[in-house]
Amino acid sequence: MWLIEQVQKLLGRKPPLAPTAQTPSGRVLGGVSRGLEPAGLAAILRQAEQGDLTKQMELFEEIEEKDAYLASLLQTRKQAVLALDYEVLPADDSAEAQRIADQVAELLRNIDLETLLLDLLDATAKGVSVVAMRWEYHRLSRMQLPTEFTWVHPRNLSYDPDSGALQMRTEGGLEPIPYGAALVHQYRAKSGAPTRAGLMRSLAWLYLFKNYAIKDWVTFLEMYGQPLVLGKYDPTASKDELNALKEAVAALGPEGRGVISKATEIEFKEAQRFGSADAYSRFIELMEREMAVAVTGSPLSSFDGAGGSNAMALTLDKISQRLTRSDAKAVYATLRRDLLVPFCHYNFDRADLAPAVEPIIREPEDLRTAAETVKTLVEAGTPIPTWYIHERFQIPAPQPEDEVLDSMRNQLRMASRGRRVRLASGDALSAAEGFVDGQMYVDALTDASIARARSLFEKQIEGILEAVNQASGDYERLRELLIERYADLRPDELAEVIEGGLVLANLAGRLAVKEDT
């Protein structure tokens, strides 16, 4: 009852109207990042700490537009959440809660949920994102429904320096945002003031230093990256000849040109003697690596080609999954608090029965380990239904007309069928059926492996014989030809045949021993 009373106080019976932002979302004054210096960046961040987010949010917007690598990192993190499915969970087991959950599921299907979530996830970089809602009463369904969602540019937001309440800048000044009139998603990269919670607070410095390095690199390339076109004239040349030479040199290119007398000399020092252009690229890669750490939690990126072990890849994948799970739960919690709770209050007068929306996160599973676990449980006598195996390992149930794979046990028995064999000890075959079946299987396996290896060797031997014919008795020439052909050999194919044969023979032996004990 307490929750219902609190919601009624906040919402009332009719949906509130969101304030109108001073600047529409599509009309943003730019230029904050032009000529940005460390002192200017520090001043912008200090202004935001006082509650005025105008310049900070304009700067963050321009940084995301100008830095393609940073934009891709943020986009990847947002898309990871948007790619998830979701499920609507009733508040309890009652029929009323299930009915409300069905209505909420229908509501989410009818709105542009992906765009709404994308706008809310803008808070990951900037710390806060506000989407204003407009409610309308539909007579057919007799329900209050959100019909329009408008993203509010964060430059129009401000925090009250005393209370810390979020406000919107309108034509009439700063106004509070009524609960139920907008979705307010706040992201906290760290504890403390909400004005310092966005990832861009750290990324802005990395962008600034990276931008300096790019400018210096461009200057370096302008000075030393283009060839110099130098025209020389004789001191006795006439003015017309001098002008003709200048025009000829100018036609060759806009930069790196000059006209001097043969009696003068200009010396150009090589840039490598005083520095290297690699310093700029290494510094830029360092800044981008730090950006990747801040946004994705991983220093690895797609541009550096850095290798790593499988264990490291799994660890980084787990880090990415944790971030995705955290982002998804946070944005769906905002969706429930600011959209679903008001929706349930206006239409059912039951804010306490607002369902939860949970993201469905399917983590990758090691199927080999799972299969070993199932095998151990079966051998221990645990009854496991076959439908569970089909569902767990995504194996379709075979139909009566389908051909199915035989087990190793059946293959062993088929290998010895029709063969007349006897034991050297003179014992009856019934005393060692497993041994006989296994030996027959390995014999057949040997023949199959030899036949497969022969097809591989034939191609290689043909190449060797061709090299012998081309060498015509010249051993040095033959050696060179064999070395050339060695690069095209595929030893992995033969190794695969040998490895497969050894593994199957080992398994056949183990099963044979098990059959006879």
Side-chain angles (χ1 to χ4, degrees), residues 83-85 87 308-322 324-325 358-419 421 423 425 427-453 491-517:
L84 298 176
D85 294 326
E87 57 182 344
S309 63
N310 182 58
M312 179 180 293
L314 293 176
T315 301
L316 298 177
D317 187 56
K318 290 181 179 179
I319 294 174
S320 176
Q321 291 177 15
R322 293 193 191 104
T324 301
R325 183 185 297 107
E358 292 290 337
I360 302 175
I361 302 176
R362 300 181 178 89
E363 298 184 1
E365 183 182 12
D366 187 352
L367 295 180
R368 175 175 295 181
T369 302
E372 291 292 336
T373 303
V374 172
K375 178 182 177 182
T376 303
L377 294 175
V378 171
E379 293 176 351
T382 305
I384 299 178
T386 56
W387 65 261
Y388 172 79
I389 302 298
H390 291 292
E391 181 177 324
R392 180 70 178 274
F393 296 97
Q394 298 295 310
I395 301 175
Q399 301 300 321
E401 66 277 6
D402 292 339
E403 183 180 356
V404 297
L405 298 176
D406 289 333
S407 64
M408 175 69 74
R409 190 189 313 274
N410 292 334
Q411 294 184 37
L412 295 185
R413 291 173 179 172
M414 292 297 296
S416 62
R417 183 175 299 177
R419 300 282 297 274
V421 297
L423 297 178
S425 62
D427 297 336
L429 293 180
S430 58
E433 289 185 357
F435 171 76
V436 173
D437 292 342
Q439 187 61 48
M440 295 298 100
Y441 176 81
V442 171
D443 290 344
L445 178 64
T446 302
D447 296 337
S449 300
I450 292 175
R452 186 177 176 187
D492 54 329
E493 295 180 349
L494 182 60
E496 183 180 351
V497 174
I498 297 174
E499 181 183 11
L502 291 176
V503 170
L504 291 175
N506 182 274
L507 292 176
R510 290 174 179 270
L511 186 57
V513 173
K514 186 177 180 181
E515 289 282 345
D516 292 338
T517 56

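The model shown is predicted, which means the values in this text are computed figures rather than measured ones. Every heavy atom of this structure was used, including side-chain atoms; hydrogens, water molecules and symmetry mates were not. Quick note: residue numbers are just sequence positions, from 1.
By the 6.0 Å contact criterion, CD on E499 is open, its count of non-hydrogen atoms from other residues, nucleotides or ligands being 12 or less.
Tested against S449 for a side chain to side chain contact (heavy atoms under 4.5 Å, CB included), the candidates L504, L502, V497 yield a single pass: V497.
Closest of all the heavy-atom pairs between L84 and I360 is CD2-O, 3.8 Å.
Shown here are the side-chain contact (heavy atoms from CB on, under 4.5 Å) partners of I384, two or more places apart in sequence or in another chain: V374, L377, V378, T382, Y388, I389. Residues satisfying the side-chain contact (heavy atoms from CB on, under 4.5 Å) test with E372, not counting sequence neighbours, are K375.
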